[in-house]
Amino acid sequence: MLSRRDFLQMSIAASAIVGASGVGDWARLAARQSLTQNDLLDFETTGNVTLIHFTDCHAQVKPVWFREPSINIGVGEVSGKPPHISGKAFLDAYGLEAGSPEAYALTSEDFVNMAQAYGRVGGMDRVSTIVKAIRADRPGALFLDGGDTWQGSLTSLKTEGQDMVNIMNLLRPDAMTSHWEFTYGVDRVNEIVENLPFPFLGANIFDNEWDEPAYEPYSMYERNGVNIAVIGQAFPYLPIANPRWMFPGLSFGVREERMREVVAEVKDEGADLVVVLSHNGFDVDRKMAAQVEGIDVILAGHTHDALPDPVVVGKTLIVASGSHSKFVSRLDLDVQGKSVKGFNYRLIPVFADVIAPDPEMTALVEKERAPFKAELEKVVGKTDSLLYRRGNFNGTWDDLICQALLEERDADIALSPGFRWGPSLLPGEDITREDIYAATGMTYPNAYRTEMTGEMLHTILEDVADNLFNPDPYYQQGGDMVRVGGMGYRIDVNKPIGERITEMVLLKTGEKIDRDKSYVVSGWASVNEGTEGPPIYDVVESYVARKGTISLEPNTSVKVTGA
Amino acid sequence: MEMTRRDMLAFASALAAVGLIGIKPAEASTELLEEAINKFAGGMPESGGVSITAPEIAENGNTVPVEVEAPGATDILILADGNPNPDVATMHFGKLAAEQRGATRIRLAKTQNVVAVAKMQDGTYRMAKREVKVTIGGCGG
């Protein structure tokens with residue numbers, strides 16, 4: 001745990017490396033010191049129902065750095081609409097001031113300087129403090145976990161999610177839904193769910209053989225005389241985006257008609273308020289809100305967007321609560337006669353140096369980490385560059401991973417999946433084994449090495465681009481673009497599939513990619529059973545250990561048009 | 001191409017499964033589709049009155065669940081315009097059928113339209129079309 005004194009020392013050390021920029025930094029430090037826990041939790045209690053939303057923590061239990069995307073393109077009708085804005089446009093849209101705590105939490109502008117001023121974010125003990133404070137203010141507040149909770153760290157991988165199950169059980173959510181949970185395999189999920197003290201919801205999860213619901217679709221709660229239905233919606237494209245062989249008997253899908261049926265069912269059961277705890281991804285939720293009548297609130301996850309206000313579609317409020325334990329959302333609703341008459345909302349940034357840790361949770365987190373302490377703390381190397389992943393195209397973490405694949409696996413071209421999970425590291429920091437696992441730790445990590453023709457590479461890029469930039473949100477899978485090392489290309493996001501990707505170039509020679517020629521390609525996270533190769537975290541570790549210090553040049557190999 | 005079966009990665013194997021690499025299978029032309037519709041309906045029917053339920057993106061192109069419904073139909077013809085042969089199935093509904101609805105699983109070689117043509121009790125025909133995407137997947141999240 002980082003004490004305030006450690007924090008100050010670290011921030012002085014970090015500014016010595018980067019070079020303090022004088023007045024600006026002091027202004028920000030002043031801003032930080034004036035920020036208190038009460039400021040962050042201050043809330044005008046409204047109406048008769050409180051929902052607490054927490055999602056996509058990716059097993060991050062200690063405070064981290066997390067840089068929001070500088071590029072997050074929306075296509076078609078949602079172009080330029082939240083969450084498809086970043087940087088200054090984001091600040092302007094929400095009337096936020098550059099350099100403010102909100103700007104640090106929600107955008108990537110001047111990230112390194114602001115990180116030094118405002119400190120790390122998240123930590124399950126801080127999250128616990130916030131949840132307890134809201135519950136004290138509104139007894140019976142519903143605490144809902146949007147999933148992607150059990151995966152994303154060294155300890156969660158080694159315990160098959162058990163550390164996160166134990167930690168979340170102490171936080172006592174009222175329900176959860178899922179995505180990466182299933183990458184531990186269906187048997188492991190069922191083993192956990194059997195003993196879970198709260199419902200594991202997924203109205204869109206079906207048994208493949210009999211086409212019957214495989215998990216509880218919804219759960220009903222009564223609070224202050226209001227009947228609340230919480231419907232779970234798991235990630236629709238699990239069998240496509242993640243390895244189907246790990247949960248062969250299950251089918252998912254958007255299943256709009258099924259959602260309509262379940263909404264009708266809960267209304268028949270007397271629901272006054274219908275909440276969807278969703279792992280659809282923001283644009284899918286926005287379309288579903290427009291298509292399916294009767295949903296009052298969608299708690300949106302999966303795409304890791306963090307928005308300071310709910311997006312309103314018809315009568316539906318859509319809340320987006322970020323990722324990596326960086327935010328907790330509080331939504332108060334005034335429900336009268338089966339309709340929402342008023343609401344109050346706050347996206348609470350979990351500033352780790354401002355929110356006091358809850359000692360009970362600190363103790364549990366340390367207990368879960370203790371068996372792995374030496375591994376977690378093993379310093380592998382150091383970075384001179386900011387390492388981050390999030391953004392539609394290459395982030396520096398993936399530039400590092402791609403470089404590791406190219407060199408350690410002796411390949412012409414490297415492919416790294418467009419995952420949105422993985423915290424950031426600041427320039428001057430050590431790279432520990434824990435950091436490497438936070439960017440790569442998952443259950444199908446094998447780094448393959450194979451040959452592919454130029455034509456196949458083109459098909460892959462086109463296919464992934466269509467999962468991201470299809471103008472119909474129901475066809476979007478919610479990841480970012482596959483990251484590429486050793487090859488450059490141009491993408492026009494507004495073109496149809498097959499026409500977006502042009503000018504593919506092999507960077508080491510500068511020559512055009514030949515459709516008929518074969519190239520040596522290395523990548524990881526193949527969804528194919530039996531993929532061979534060393535795990536990606538070992539590949540990255542041996543590369544970082546060999547290099548000692550990582551320095552990355554800005555990556556200009558992807559040219560984006562049409563955005 | 002030097003890709004052994006064992007080294008094969010997800011993208012490649014999925015591609016092979018949907019027939020985008022190796023020998024390209026023949027695909028049904030627009031003429032074949034129109035011919036099949038003409039043969040059944042004697043022309044191009046109006047759309048509406050028929051619904052097709054199918055995933056937006058197939059989880060497994062080899063077995064895609066498809067449900068068709070056309071209240072008041074006596075027969076429903078199902079076609080897939082991107083398969084080597086567009087014919088999938090024809091469902092016949094007796095007079096005592098409570099619902100004119102049927103579900104099956106079909107193989108789709110690639111992204112294509114599933115077409116349903118219904119013959120109604122009054123002898124008219126109606127039609128619906130729905131695109132199902134077959135992807136190579138693998139990078140969501």
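Below, read A as the first sequence line, B as the second, and so on, with proteins coming before strands; counting in each chain starts at 1. Model, not experiment: these values are computed from the prediction.
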Full working for side chain to side chain contact (heavy atoms under 4.5 Å, CB included) between B:V50 and B:Y125: CA-CA 10 Å; B:V50 188; B:Y125 291 85; over 6 Å; no
Side chain to side chain contact (heavy atoms under 4.5 Å, CB included) assessment of A:D480 paired with A:R389: CA-CA 10 Å; A:D480 280 316; A:R389 172 171 279 157; over 6 Å; no
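Cation-pi check for B:K133 over A:Y475 is not met; the charged atom does not lie both under 6.0 angstrom from the ring centroid and within 45 degrees of its normal.
Other residues, nucleotides and ligands contribute over 12 non-hydrogen atoms within 6.0 Å of the CD atom of A:E499.
Looking at A:D516, there are no atoms closer than 4.5 Å to chain B (heavy atoms on both sides), in backbone or side chain. Using a 4.5 Å cut-off between heavy atoms, B:A103 makes no contact with chain A at all. Proximity to chain B involves both the backbone and the side chain of A:N208, based on heavy atoms less than 4.5 angstrom apart. With a 4.5 Å cut-off on non-hydrogen atoms, A:L457 does not touch chain B at all.
Screening A:W150, A:F235, A:F419 against A:W180 for a ring pair (Phe, Tyr, Trp, His ring centres under 6.0 Å) leaves a single residue, A:F419.
Ranked by heavy-atom pairs under 4.5 Å with chain B, the list A:P236, A:P239, A:G523 is led by A:P239.
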